[in-house]
Amino acid sequence: MTNSNFDQGFKNRKQVLGAVHVEKSWENADELNKPMQELVTEYCWGAVWGDETLDYKTRSMLNIAMLTVLSQHHELSVHVRGAITNGVSHEEIAAIIRQAAVYGGVPCGLAAMRVASDVIKSV
């Protein structure tokens with residue numbers, strides 16, 4: 001699959017999440033989930049992350065808040081790592097999670113803080 005949004009998305013995805021992670025996801029894609037990988041790469045990472053209205057740091061901060069409230073722990077850990085790559089400080093990550101906890105629920109915030117702490121300890 002080749003188009004400009006996909007190509008830009010693959011580049012953006014590697015820049016934020018790391019080439020090793022992205023290449024592994026792509027290589028592990030099978031007949032069932034490859035169309036999802038293509039969709040995510042083209043639309044999330046190409047069309048949305050490729051829109052220069054918001055910078056990567058802001059997008060990462062938004063993702064941390066949304067993934068916290070949605071209790072999407074796997075994606076949260078991936079995006080905390082990406083946020084650090086995009087210049088979000090450990091203190092900013094904690095502040096984002098605290099704010100998300102107030103508006104989205106303390107249990108979500110506590111779980112997110114555990115995920116973020118584990119990621120921060122590993123980098």
In short, Ile97 meets Gly109 closest at the heavy-atom pair CG2-O, 3.4 Å
Value rounded to 0.5 Å, distance of OG in Ser25 from NZ in Lys14 = 11.5 Å
Flag if over 12 foreign heavy atoms under 6.0 Å of NZ, Lys11 = no
Could you tell me whether the side chain of Arg13 and the main chain of Cys44 form a donor-acceptor pair under 3.5 Å?
-> no
Taking the side chain as every heavy atom from C-beta outward, state whether Arg59 and Val48 have any atom pair closer than 4.5 Å.
-> yes
Any side-chain heavy atom of Lys34 sitting closer than 4.5 Å to one from Trp26?
-> yes
Does Asp55 reach the main-chain N or O of Thr58 with its side chain, forming a donor-acceptor pair under 3.5 Å?
-> yes
Given the options Ile93, Ile96, Val123, Val80 meets side-chain contact (heavy atoms from CB on, under 4.5 Å) only with Ile93
Under 3.5 Å, side chain of Asp118 to main-chain N/O of Val115, donor-acceptor pair present?
-> no
Should Val40 and Val78 be regarded as members of a common hydrophobic cluster, given that ILVMFWY residues are connected when their side-chain heavy atoms come within less than 4.5 Å of each other, either directly or indirectly?
-> yes
Candidate pair Thr68 and Leu76, rule side-chain contact (heavy atoms from CB on, under 4.5 Å), full reasoning = CA-CA 7 Å; Thr68 293; Leu76 177 62; 4.1 Å; yes
Under 4.5 Å between any side-chain heavy atoms of Val16 and Thr85, yes or no?
-> no
Heavy atoms only: give me the nearest Ala29-Gln37 pair and the separation to one decimal.
-> CB-CG, 4.0 Å
Can you hop from Tyr43 to Leu17 via hydrophobic side chains spaced under 4.5 Å?
-> yes
Can you check side-chain contact (heavy atoms from CB on, under 4.5 Å) on Ser71 and His73, steps first, answer last?
-> CA-CA 6 Å; Ser71 292; His73 302 142; 4.1 Å; yes
Tyr56 atom OH, over 12 foreign heavy atoms within 6.0 Å = yes
Please check if the side chain of Ser122 supplies one atom and the backbone of Val119 the other of a donor-acceptor pair under 3.5 Å.
-> yes
Can you say whether the rings of His79 and Trp45 are parallel (under 30°), tilted (30 to 60°) or perpendicular (over 60°)?
-> parallel
Euclidean distance, Ser4 OG relative to Glu42 CD, rounded to 0.5 Å = 8.0 Å
Within residues 96-113 or reaching into it, pairs that qualify as side-chain hydrogen bond (donor to acceptor under 3.5 Å, both in side chains) - sequence neighbours excluded | none
same_hphob_cluster(Leu70, Met36) at 4.5 Å side-chain heavy-atom cutoff | no
Report the C-alpha distance between Ile120 and Ile84 in whole Å, list the side-chain angles of each, state the deciding distance to 0.1 Å, and finish with yes or no for side-chain contact (heavy atoms from CB on, under 4.5 Å).
-> CA-CA 9 Å; Ile120 289 168; Ile84 292 167; 4.0 Å; yes
Under the side-chain contact (heavy atoms from CB on, under 4.5 Å) rule, what do Arg81 and Ser77 come out as? Steps first, then yes or no, please.
-> CA-CA 6 Å; Arg81 202 173 294 280; Ser77 69; over 6 Å; no
Single-linkage hydrophobic cluster, 4.5 Å side-chain cutoff, Leu67 and Leu62 together = no
Beyond-backbone contact of Phe10 with Glu38, side-chain heavy atoms, under 4.5 angstrom = no
Classify the side-chain pair Gln8/Asn12 by whether it contains a donor and acceptor separated by less than 3.5 Å.
-> yes
Please answer: with hydrophobic residues joined when any side-chain heavy atoms are less than 4.5 Å apart, are Met61 and Met66 in the same cluster?
-> no
